[in-house]
Amino acid sequence: MSAFNLTILRTYAQTNPSKLPPSVLFSHSATSLTVYDAFPKAIFHFLVLPRAPEPSAGAGSELANLRQLLSGDKARAQQVLASLRADAHALRAEIEEEMLARYGFKWGIWTGFHGAPSMDHLHLHVLSDDLCSDRMKNKKHYNSFHPKLGFFLDIDEVLSWFDADPSYYSTMAKLDAKHYELMLKEDLSCWRCNAHMKNIPTLKTHLQEEWDAEAKREKAKIERRRKMEEKSAQVAENS
DNA sequence: GTTCTAGAAC
DNA sequence: GTTCTAGAAC
């Protein structure tokens, strides 16, 4: 299979999950598949895709991307998104468990869509907010996840459009690719502290430092809690 | 989406 | 001189 394959996710979505290799598939439910992102931009990075066993799910189908989904039946779109959200929620719990097991603390997890995705078939990104990865290589990669730029659309935000004024819904549902792609060209800045970053290598060093600092704080917090509990257990024992 | 690389930036 | 980015090819 060539690396130039922007429809691989659709292939996955149409395949019986039991036929997918464990290197690709993390888990599945009745309605979705969770796959490992092939080029993870953080320590944990998964994609949750709606399953599409019918061969109808081609390029122009409602499941091609978020824009296509939102341009169709509104109730159906809401149902698809709510289902993905529920499966992503369960995945987040598993990621947190793994964070504790492997790193001794847990940190933030983002769940959302790209405003202008490059790969076909609707996919919900679920990734840890460290953004520390060898695969994070350029401005486009980084800005596509920057939570303050607008390109990354949190699933809860997208679902809130359904409860907003219908004119607001139709405005947001347009998802004009040109409009979103401009956001990817914004200057680099740290999403945590807003500091301006001169270039990608500087940003990556900074992100690593930010995450290391968080790890240190969180582990210290856990240690303080453990000592407190140890003390109160002793007090209870001696009374 | 990634890889490759010319030439800009330093 | 080296580092880094951005656009074309895939």
Side-chain angles (χ1 to χ4, degrees), chain A residues 1-15 17 20-26 32-52 57-69 84 88 91 109-147 149-155 158 175-191 195-210:
Chain A
M1 181 176 306
S2 119
F4 184 54
N5 187 347
L6 302 182
T7 58
I8 187 74
L9 298 180
R10 185 188 302 142
T11 307
Y12 293 158
Q14 292 173 342
T15 304
L20 290 169
S23 58
V24 168
L25 185 72
F26 176 73
S32 79
L33 296 179
T34 297
V35 300
Y36 298 95
D37 190 294
F39 299 90
K41 305 304 189 295
I43 294 174
F44 295 92
H45 190 177
F46 297 88
L47 304 176
V48 184
L49 347 168
R51 292 172 64 178
S61 89
E62 61 164 12
L63 295 182
N65 53 49
L66 187 60
R67 187 180 53 79
Q68 284 287 126
L69 182 69
L84 287 179
L91 171 62
I109 299 171
W110 294 331
T111 304
F113 299 98
H114 279 166
S118 359
M119 296 189 80
D120 262 0
H121 198 79
L122 185 66
H123 53 284
L124 180 60
H125 289 270
V126 178
L127 74 164
S128 50
D129 69 9
D130 50 273
L131 301 184
C132 291
S133 164
D134 289 349
R135 309 293 196 162
M136 179 76 83
K137 293 182 176 176
N138 58 46
K139 182 186 272 189
K140 186 173 169 177
H141 290 157
Y142 178 72
N143 281 347
S144 75
F145 293 106
H146 194 305
L149 276 187
F151 188 90
F152 188 77
L153 299 168
D154 189 278
I155 179 78
V158 175
L175 290 171
D176 178 61
K178 290 279 181 314
H179 169 74
Y180 280 89
E181 280 158 10
L182 275 178
M183 299 173 182
L184 298 175
K185 298 183 190 293
E186 291 285 317
D187 283 353
L188 294 170
S189 69
C190 174
W191 69 269
H196 177 264
M197 294 288 138
K198 188 161 67 10
N199 55 37
I200 287 287
T202 308
L203 170 73
K204 286 172 67 79
T205 303
H206 178 80
L207 289 174
Q208 184 67 54
E209 286 167 357
E210 288 272 18

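Each chain gets a letter, A, B and so on, in the order the sequences are listed, and its residues count up from 1.
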Specify the separation, in whole Å, of atom [atom1] of [X] and atom [atom2] of [N].
{"X": "A:Arg10", "N": "B:dG1", "atom1": "CZ", "atom2": "C1'", "answer": "14 Å"}
{"X": "A:Arg135", "N": "B:dT3", "atom1": "CZ", "atom2": "C1'", "answer": "12 Å"}
{"X": "A:Lys140", "N": "B:dT2", "atom1": "NZ", "atom2": "P", "answer": "9 Å"}
{"X": "A:Asp187", "N": "B:dA9", "atom1": "CG", "atom2": "P", "answer": "14 Å"}
{"X": "A:Asp134", "N": "B:dT3", "atom1": "CG", "atom2": "P", "answer": "11 Å"}

*So, do A:His125 and A:His123 have ring centers that fall under 6.0 Å from each other?*
yes

*Qualifying residues under ring-ring contact (aromatic ring centres under 6.0 Å, His included), relative to A:Phe113, sequence neighbours excluded*: none

*Does some side-chain heavy atom of A:Leu184 sit less than 4.5 Å from a side-chain heavy atom of A:Lys139?*
no

*asked:* Do A:Asn5 and A:Thr11 make a side-chain contact, defined as non-hydrogen atoms from C-beta onward lying under 4.5 Å apart?
replied: no

*asked:* Heavy atoms only, 4.0 Å cut-off, all strands: where does A:His141 land among base, sugar-phosphate and nothing?
replied: sugar-phosphate

*Measure up the A:Phe145 and A:His45 rings against each other and bin them: parallel (under 30°), tilted (30 to 60°), perpendicular (over 60°).*
perpendicular

*By side-chain contact (heavy atoms from CB on, under 4.5 Å), which residues pair with A:Asp134, not counting sequence neighbours?*
none

*Can you list the residues that meet the side-chain contact (heavy atoms from CB on, under 4.5 Å) rule with A:Met183, with sequence neighbours excluded?*
A:Phe151, A:His179, A:Tyr180

*Tell me which residues in residues 36-48 of chain A put a heavy atom below 4.0 Å from DNA chain B, sorted by number, or none.*
A:Phe39, A:Lys41

Using a 3.5 Å cut-off and no angle test, enumerate the donor-acceptor pairs between side-chain atoms of residues 195-202 of chain A and protein atoms at least two apart in sequence or in another chain.
residue  : atom : partner  : partner atom : Å
A:Asn199 : OD1  : A:Thr202 : N            : 3.0
A:Asn199 : OD1  : A:Thr202 : OG1          : 2.6

For nucleotides 5-7 of chain C, give me every protein contact, N/O to N/O, under 3.5 Å, one pair per line with atom names.
residue : atom : partner  : partner atom : Å
C:dT5   : OP1  : A:Ile200 : N            : 2.9

